[in-house]
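Comments concern the structure below.
Below, all heavy atoms of this structure are taken into account, side chains as well, without hydrogens, waters or symmetry copies. Just so you know, ligand 1 is whichever comes first in the structure, and atom 1 is the first atom listed for that ligand.
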Amino acid sequence: MDPLVWEWINFAVRWLHVVTAIAWIGSSFYFIHLDASLTKREGLPAGVSGDAWQVHGGGFYHMMKYTVAPVALPEKLTWFKWESYATWMSGFFLLCVLYYRGADLFLIDPAVMEMPVWAAIAVSAGSLVVGWYVYDRLCRSSLADSDLRLALVGFAFLVAAAFVFAHLFSGRGAMLQVGALIGTIMAANVFLVIIPNQKIVVGDLLAGRTPDPAYGRTAKQRSLHNNYLTLPVVFLMLSNHYPTSFGTRYNWVIVAVVIVMGAVIRHFFNSRHAGRGSPWWTWAVAAAGGGLVVWLASAGPREAVASATAGSTVDFAAVEEVVISRCSMCHAATPVWDGIAAPPRGVRLDTADEIRRHADPIRLQAVLSDAMPPGNITGITADERRLLSMWTGQGR
Ligand code: HEC
């Protein structure tokens with residue numbers, strides 16, 4: 001198929017993916033907040049654990065929460081599940097369009113590990129299934145008796161996964177793969193645990209049986225995990241636009257720090273909305289984490305690039321030759337690289353003027369990180385990167 005058509009399929013599916021994700025995360029935040037703001041008081045109907053008043057869009061809403069279920073089930077009941085399913089399905093489709101179809105550019109980096117395209121795809125897709133299985137086993141073990149202990153083991157598991165992915169795939173592919181794994185865990189929590197448990201409870205009620213509260217407890221625990229994972233997963237999905245997040249040596253450590261940052265920020269809002277006070281320390285931890293991430297990223301790409309040495313002058317003709325030979329097959333008015341229809345991101349690097357104009361982006365993509373060339377597919381050498389470093393580090 002024409003690359004132009006793929007480009008538009010990519011755009012359309014990304015549009016869908018972002019919209020469904022907004023709907024999913026939005027409703028998740030909404031319900032967490034609602035749950036936290038419910039107050040218990042005298043005179044509520046039987047089975048109601050609390051109520052809350054809200055005002056929105058010109059009307060007042062009176063929300064009540066039945067802990068297990070109302071005595072009689074209402075005729076019309078809204079289930080919240082399609083936001084999550086649609087987010088996962090569009091996300092997986094995007095993974096196929098971008099990272100599987102373009103595996104040689106975005107998933108595989110021969111300097112990390114050489115593997116054929118089919119193997120990279122099999123490992124990526126397989127690890128989503130295996131990752132979910134391991135997580136689910138952990139949640140079904142006795143670890144689940146303590147939310148905190150389960151969370152710590154779950155965290156260790158995700159960091160281990162990030163470490164493994166960073167040693168199998170390109171930095172960009174690895175970060176996205178961790179995001180895809182977390183997204184899969186979150187959607188599977190809804191599809192395989194939360195909704196089925198809710199259905200069992202509803203079925204019991206319709207049959208006149210008293211539902212086992214364990215179903216609700218389990219669903220609540222999974223829902224709590226989803227809540228704490230929302231901020232990290234969004235970071236990981238956006239990481240591919242920021243080369244120094246994925247294209248630097250400690251990318252998997254950055255993942256670990258970001259999971260902690262996301263969790264403590266959620267914790268702040270969860271506590272505050274529940275009226276349990278505002279744990280301001282969480283912002284200090286998040287800020288320290290942010291500083292740590294920037295510091296980790298400053299270590300640069302796996303293969304260290306020497307920074308510019310003061311006083312040494314760089315011959316621009318040599319720079320031009322490197323860029324023309326390593327970059328311009330894709331970054332040209334008419335790219336010659338198979339499957340690339342137009343200069344990627346509008347960046348042309350095929351004339352001296354264009355190269356000069358793009359010195360800063362070149363530094364970001366090919367010196368401070370090894371994001372470009374993708375998967376080092378054109379085989380830029382350490383010496384050539386050093387030359388770019390010297391040139392982009394000087395006043396020019
Ligand atoms: C095999 C094709 C290919 C080669 C070779 C290549 N690039 Fe890229 N480049 C891309 C693609 C594809 C993108 C868009 C990436 C994306 O979708 O995030 C891109 C994006 C960029 C961007 C814009 C990033 C942004 O988000 O604005 C810059 C700058 C860049 N490349 C610089 C370089 C430099 C410098 C080199 C050579 C050292 C190079 N590229 C080699 C394919 C290539």
Side-chain angles (χ1 to χ4, degrees), residues 3-4 6-15 17-18 94-111 117 169-176 179 236-248 251 300-303 305 314 316 318-393 396:
L4 186 78
W6 278 114
E7 173 85 348
W8 281 96
I9 291 176
N10 175 345
F11 196 167
V13 180
R14 190 178 295 241
W15 192 14
H17 185 54
V18 171
L94 210 50
L95 184 68
C96 296
V97 170
L98 266 163
Y99 289 83
Y100 294 174
R101 202 183 66 88
D104 54 345
L105 289 188
F106 297 130
L107 192 56
I108 301 169
D109 182 346
V117 167
F169 301 128
S170 71
R172 179 175 166 154
M175 276 240 185
L176 198 98
L236 291 166
M237 294 306 172
L238 295 176
S239 68
N240 61 88
H241 303 290
Y242 298 91
T244 60
S245 69
F246 66 78
T248 49
N251 50 13
R302 259 170 300 122
E303 212 175 325
V305 179
V314 181
F316 182 72
V319 170
E320 196 178 351
E321 196 182 313
V322 169
V323 176
I324 299 283
S325 63
R326 306 298 185 192
C327 318
S328 72
M329 52 288 276
C330 301
H331 291 283
T334 336
V336 292
W337 196 272
D338 204 23
I340 293 190
R345 298 273 174 265
V347 174
R348 276 180 52 189
L349 301 171
D350 52 351
T351 66
D353 275 354
E354 291 287 355
I355 294 172
R356 281 209 173 84
R357 215 160 64 78
H358 286 99
D360 286 343
I362 291 175
R363 184 171 182 78
L364 211 53
Q365 300 278 342
V367 175
L368 299 179
S369 76
D370 55 12
M372 286 290 144
N376 197 8
I377 201 150
T378 53
I380 192 171
T381 66
D383 279 343
E384 289 169 339
R385 283 200 205 271
R386 197 164 303 130
L387 186 72
L388 294 182
S389 168
M390 279 158 60
W391 174 64
T392 57
R396 292 184 294 281

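Contacts between Arg363 and ligand 1, counted as non-hydrogen atom pairs separated by less than 4.0 Å, are absent for every part of the residue.
Salt-bridge formation is not detected for the pair Asp360/Arg363: no Lys NZ or Arg NE/NH1/NH2 atom is positioned less than 4.0 Å from an Asp or Glu carboxylate oxygen.
Close approach of ligand 1 to Leu105 is summarised as follows: ligand atoms under 4.0 Å from at least one heavy atom of the residue are 1 (C). Those atoms of ligand 1 with a heavy atom of Ile377 less than 4.0 angstrom away are 1 (C). Proximity to Phe106 (heavy-atom distance under 4.0 Å) selects the following atoms of ligand 1: 12 (C). When each atom of ligand 1 is checked for a heavy atom of Ile340 under 4.0 Å away, the hits are 2 (C).
For the residue pair Pro373 and Ile380, the shortest heavy atom distance occurs at CD-CG2, 3.7 Å.
With sequence neighbours left out, Tyr242 forms a ring pair (Phe, Tyr, Trp, His ring centres under 6.0 Å) with no residue at all. Qualifying salt bridge (Lys or Arg N to Asp or Glu O under 4.0 Å) partners for Glu384, counting only residues two or more places apart in sequence or in other chains: Arg326.
Looking at atom 15 (C) of ligand 1, its nearest protein heavy atom turns out to be Arg172 NH1, 3.7 Å. Scanning all protein heavy atoms for the shortest distance to atom 5 (C) of ligand 1 gives Arg326 O, 3.3 Å.
Distance check, rounded to the nearest 0.5 Å: CG of Leu176 to CG of Leu236 gives 8.0 Å. Interatomic distance, CD of Gln365 versus SG of Cys327, reported as 10.0 Å (0.5 Å rounding). One finds the CH2 atom of Trp6 at 15.0 Å from the CD1 atom of Ile340 (value rounded to the nearest 0.5 Å).
Only protein N, O or S atoms were considered, and those under 2.8 Å from atom 8 (Fe) of ligand 1 are His331 NE2, Met372 SD.
Looking at ligand 1, you won't find any N or O of Thr378 less than 3.5 Å from one of its N or O atoms.
Panel note: side chain Thr248, backbone Ser369; no donor-acceptor pair is recorded below 3.5 Å.
Two residues are said to be in side-chain contact when any heavy atoms from C-beta on lie closer than 4.5 Å; Trp337 and Thr378 meet this criterion.
Among residue pairs with one or both ends in residues 96-106, those qualifying as side chain to side chain donor-acceptor pair (under 3.5 Å) are Tyr99-Arg172, Tyr100-Ser124; sequence neighbours excluded.
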